[in-house]
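All values derive from a computational prediction rather than experimental measurement.
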Amino acid sequence: MEPRGRVLGIDFGERRIGLAISDRAARIAFPAGIVESRGREHDLAALCQLAQEREIARIVVGLPIHLEGHESRGSEAARSFARALEGATGLPVELLDERWTTRAADRSLDESKSGRRRRREAVDSVAATLLLRTFLERPPQEEAHRR
């Protein structure tokens, strides 16, 4: 079986962008830190550099959806960011429902082991990892949202 190429998972936020990267076979997701948001141009440049350095083949961005299933205020921001990222990187970018990732990431971290700021950063990266894991494990026929 031929490797599918690395996938970059993104938990998009106004202050921080959580990151996760898969292995070359696109089977395992690993936390990859955060990008402190400093405006669209800076963020896109940082992610383009990361995509090139890590040989990323495609990208998945979390789409914020309310628990009831309808889109949130952040949904259009995530869609806009995904379109801009696809244009900047030239890579395919998909959106995936991220409804449970931040809550699951928050629960998976033990507050007593890190400071408040480090915990927020860790939550963003863990959320991106959970999002990417979901993307990698979904059945092949299941489609993510298009921008």
**Q.** Pair Glu76-Phe81, side-chain contact (heavy atoms from CB on, under 4.5 Å): steps then yes or no
**A.** CA-CA 8 Å; Glu76 184 50 41; Phe81 182 78; over 6 Å; no
Q. In terms of heavy-atom contacts, does CD of Gln52 have more than 12 from other residues, nucleotides or ligands at under 6.0 Å?
A. no
**Q.** Exam field: side chain Ser72 to backbone Pro64, donor-acceptor pair closer than 3.5 Å
**A.** yes
Q: For Ala57, check side chain to side chain contact (heavy atoms under 4.5 Å, CB included) against everything at least two apart and list the hits.
A: none
Q. Distance-only, no hydrogens or angles: does the Asp23 side chain make a donor-acceptor pair with backbone N or O of Ile28 under 3.5 Å?
A. yes
Q) With sequence neighbours excluded, what pairs up with Gln49 under the side chain to side chain donor-acceptor pair (under 3.5 Å) test? A) Glu53
(Q) Suppose the criterion is ring pair (Phe, Tyr, Trp, His ring centres under 6.0 Å): which pairs have a residue in residues 29-52, not counting sequence neighbours? (A) none
Q) So does Arg79 pair up with Glu94, basic N to acidic O under 4.0 Å? A) no
Q. Quick one: CD1 on Ile17 to CD1 on Ile10, what's the gap to the nearest 0.5 Å?
A. 6.5 Å
Q: Go through Glu98 and Arg133 one step at a time and tell me if the salt bridge (Lys or Arg N to Asp or Glu O under 4.0 Å) criterion holds.
A: CA-CA 11 Å; Glu98 68 169 22; Arg133 182 184 306 154; over 6 Å; no
**Q.** Minimum heavy-atom distance between Ala26 and Gly5, given as atom pair plus value
**A.** CB-O, 3.5 Å
(Q) Looking at every non-hydrogen atom in both residues, tell me the closest pair between Gly33 and Ser125 and how far apart they are. (A) N-OG, 3.2 Å
Q) With sequence neighbours left out, what residues match Arg54 under side chain to side chain donor-acceptor pair (under 3.5 Å)? A) none
Q) Of the non-hydrogen atoms in Leu95 and Gly62, which two are nearest, and what is the gap between them? A) CD2-O, 4.4 Å
Q) With Asp124, which of Leu19, Ile34, Val35 fulfils side chain to side chain contact (heavy atoms under 4.5 Å, CB included)? A) Ile34
Q. At their closest point, which heavy atom of Ala78 faces which heavy atom of Leu63, and how far apart are they?
A. CB-CD1, 4.3 Å
Q. Where the side chain of Ser22 meets the backbone of Val7, is there a donor-acceptor pair that is under 3.5 Å apart?
A. yes
Q) Any sub-3.5 Å donor-acceptor pair from Glu36's side-chain atoms to Arg16's backbone N or O? A) no
(Q) Can you tell me how far apart CG (Leu8) and CD1 (Ile56) are? Round to the nearest 0.5 Å. (A) 5.0 Å
Q | Reported CZ-to-CG distance for the pair Arg6 and Leu132, which is rounded to 0.5 angstrom | A | 12.0 Å
Q. Looking only at atom types and distance, does a side-chain atom of Thr89 sit under 3.5 Å from a main-chain N or O of Leu85, one as donor and one as acceptor?
A. yes
**Q.** All side chain to side chain donor-acceptor pair (under 3.5 Å) counterparts of Glu55, not counting sequence neighbours
**A.** Arg24
Q: Taking all heavy atoms of Leu131 and all of Val60, pick out the closest pair and write down the distance.
A: CD2-O, 4.1 Å
Q) Which heavy atom of Arg40 sits nearest a heavy atom of Ala84, and at what distance? A) NH1-CB, 3.6 Å
Q. Sequence neighbours excluded, which residues qualify as side chain to side chain contact (heavy atoms under 4.5 Å, CB included) partners of Ser37?
A. Asp43
